[in-house]
Amino acid sequence: MPASKTATMRDAIAEHVDDGDTVALEGFTHLIPVAAGHELIRQRRRNLTIVRMTPDIVFDQLVAAGAATKMIFSFTGNSSVGSLHAIRRAIEHSDPRPLQIEEYSHFGLLGRYIAGASNLPFYPLRSAGGDLLAHNPNIGTVVSPFPASDGGTEEVHAVPPLHPDVAIVHAQRADRLGNVQAWGILGPQQEVAFAARRTIAVVEEVADDSVIRSDPNRTTIPGLAVDAVVECPRGAHPSFVQGYYDRDNEFYRAWPAISRDPDALRSWLQEWVYDLPDHAAYLAKLGPAYFDQLRPVPAMSSPVDYGSAP
Amino acid sequence: MTATSEENLNECTPSELLTVISARCLGGRRRVFAGIGLPTLAVALAQATTEPDLEQVYESGVCGAHPPRLPQTIADAPLATGAECILGMHALFGYVLQGGHIDVGFLGGAQIDRWGNLNSTVIGDYTRPTVRLPGSGGAAEVMANAAEVFVVLRRHTPTSLVEELDFCTSPAPLRARRANPNVRTTGRGVSTVITDLGVLTAGDDGELTLSAVHPGVRVADVTAATGWPLRVATEVAVTEPPTPAELGLLRDTIDPTRVYLR
């Protein structure tokens, strides 16, 4: 029987993430691996290059904690609620330290994941022009070897592969072998898991093999692309997990005021990350009733029949 | 202008006005790529009035959303529940958007110039910005690939409609082709800009032209609030004010708790 890949969050981060690594934490508003980000802060990783199409609160926290020296991204904001002030302070004033940035449009950074996952030297796309061309040497142009529909020479933009040292994704469930099942908004998790050298899958539940195998099309990342499976219920809070808990909009709305004040932000990190041993303690501190208001009404999918040998 | 239309306008907020005008501009269109906020309300209003078959596609990959409540973000849980399809990001950006399935993309921005180029990246210098803004996200993709682009600006001022962008996040097809003649572009770029003062539409050469003012707004008010010498149409229309039916749908059915309406 193949060896189980299950690990505690502490052990998975300690084993797979080193200082100086390039670490992608993906999830498009849905399924953001926040608890894993907090563990990176708690273990005081340094000089990380953090990668995410849409840096949000957890990246503001990583930057505030001094974990990151560089950020690769395509949209940085607090999901239409407000600014990420720690990131803005670092970019606008190098306060308290500079943050190097490498910036793309969404399809540009996604294209880097796709090229990385597919072992290609570049990914071509029609967009990704504008002034970023002058600021990011990783956006180039490539001449099509084939004539355009009008017979002329055609050029498209191109981005190189990205191979993060580590990808961290969150999902509803996985088996102990790392077959990850996710539903709802899927983001670039499959692409980044295949692009990365090592992948940590954080899940709400480690499920029995039979559950996963009853619906193989639901598996978005197969175990062959996963190195560690961490069971961490509610580990995506304050983002959401389809069918498990809704987005904590109050937390999102409260964040800009905390983030704007460096002292308040330091205190928040102390109280909610450094002073707590793990995510279970974070949930205990929120209290058992906290998630009651975030519990969605069930909306089950209809089962499908895969059939079986008679 | 009649006294009645003045009254109607006085009774509606700027965001209601922008939403109603945007919804009307969607007439005849089929598939819209729109973010959360006023564009989503405009799509909902158009669906409830003249364009029942209008389809909205979200950047999160959700197509055919049937949310039980107004979504809070482009990737909120109610968008997924009961949707017709949720695509992965490669399919969304590659097949749907770059593949040419979008008729209208809605974009915003901190700055727009007379050719419909947009800045949503920085105010000031890129390497040492005065204000760091979110950046492109999918805006550059929408600009490059949608058949046309609508821009909604809540405040028409010389600092948002500028002669020179601080940074070009989303180049209009014209600018992209000028930078590299071998680049092929799909859509026509920004066709319509809807602001709190009026409506600008792109002429054949791509230059934005004042084509309508809202009731009570003078042409001179708009040119004074624009950071370049604004071209003015020979006949400038006066916007038909929101009807009680349009306002009723917005207030009572589409955004009753005023998540986005102000």
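So you know, we letter chains A, B, ... as the sequences are listed, proteins then strands, and number each from 1. This structure is a prediction, so every number in the text was calculated from the model and none was measured.
Taking the six-membered ring for Trp and the full ring otherwise, B:F33 and B:H101 have centroids separated by 6.0 Å or more. The distance between the ring centers of A:H170 and A:F240 does not fall below 6.0 angstrom.
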### Message
B:R258 vs B:D255, test: salt bridge (charged side-chain N to carboxylate O under 4.0 Å, His left out). Steps then yes/no.
### Response
CA-CA 5 Å; B:R258 299 190 87 76; B:D255 190 7; over 6 Å; no
### Message
Apply side-chain contact (heavy atoms from CB on, under 4.5 Å) to residues B:M143 and B:T169 and explain how you reach the verdict.
### Response
CA-CA 10 Å; B:M143 183 70 93; B:T169 310; over 6 Å; no
### Query
Is there a side-chain hydrogen bond (donor to acceptor under 3.5 Å, both in side chains) between A:H157 and A:S127 once you walk through the steps?
CA-CA 7 Å; A:H157 295 112; A:S127 43; over 6 Å; no
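By number of non-hydrogen pairs under 4.5 angstrom with chain A, the leading residue of B:A80, B:S136, B:P134 is B:P134. For the set A:A299, A:S239, A:G129, A:G187, the count of heavy-atom pairs under 4.5 angstrom toward chain B peaks at A:G187. Considering only heavy-atom pairs separated by less than 4.5 Å from chain A, the leading option among B:V183, B:V142, B:N180 is B:N180. When the candidates A:T54, A:D150, A:L109 are compared by the number of heavy-atom contacts under 4.5 Å with chain B, A:D150 comes out ahead. Between chain B and the residues A:V156, A:L110, A:L186, A:T220, the most heavy-atom pairs under 4.5 angstrom are made by A:L110. Among A:Q189, A:E103, A:M53, A:H93, the residue making the largest number of heavy-atom pairs under 4.5 Å with chain B is A:E103. Of the residues considered (B:G124, B:P129, B:A83), B:P129 shows the highest number of contacts with chain A, using heavy-atom pairs under 4.5 Å. The greatest number of non-hydrogen atom pairs below 4.5 Å with chain A, out of B:S120, B:G138, B:A144, is found for B:G138. The candidate from B:S170, B:P171, B:G137 with the greatest count of non-hydrogen atom pairs under 4.5 Å with chain A is B:G137.
With a 4.5 angstrom heavy-atom cutoff, B:T130 touches chain A only via backbone atoms. Within the 4.5 angstrom heavy-atom criterion, only backbone atoms of B:L133 (N, CA, C, O) approach chain A. At a 4.5 Å heavy-atom cutoff, the contact between A:I91 and chain B is made by backbone and side-chain atoms alike. Interface residue A:T141: only side-chain heavy atoms are found under 4.5 Å from chain B. Both the backbone and the side chain of B:A140 come within less than 4.5 Å of a heavy atom in chain A. Interface remark: B:R184 contributes backbone and side-chain atoms alike to the contact with chain A (heavy atom separation under 4.5 Å). B:V131 touches chain A through backbone and side chain together, each having a heavy atom under 4.5 Å away. At a 4.5 Å heavy-atom cutoff, the contact between A:F73 and chain B is made by side-chain atoms alone. Contacts between A:E92 and chain B at a heavy-atom distance below 4.5 Å involve backbone atoms as well as side-chain atoms. Proximity to chain A (any heavy atom under 4.5 Å) is restricted, for B:Q98, to the side chain, taken from C-beta onward.
Side-chain N/O atoms of A:W255 and A:D60 include a donor and acceptor closer than 3.5 Å. Side-chain contact annotation: B:H156 with B:T195, donor-acceptor N/O pair under 3.5 Å present.
The backbone N or O of A:V143 sits nowhere less than 3.5 Å from a side-chain atom of A:E154 that would complete a donor-acceptor pair.
A salt bridge between B:R128 and B:D125 is absent, with no side-chain N of the basic residue lying under 4.0 Å from a carboxylate O of the acidic one.
For the pair A:R112 and A:Y123, the cation-pi criterion (under 6.0 Å, within 45° of the ring axis) is not fulfilled. At least one test fails for A:R234 against the ring of A:Y244: distance under 6.0 Å to the centre or angle within 45° of the axis.
Between A:I101 atom CD1 and A:T49 atom OG1 the span is 13.0 Å, to the nearest 0.5 Å.
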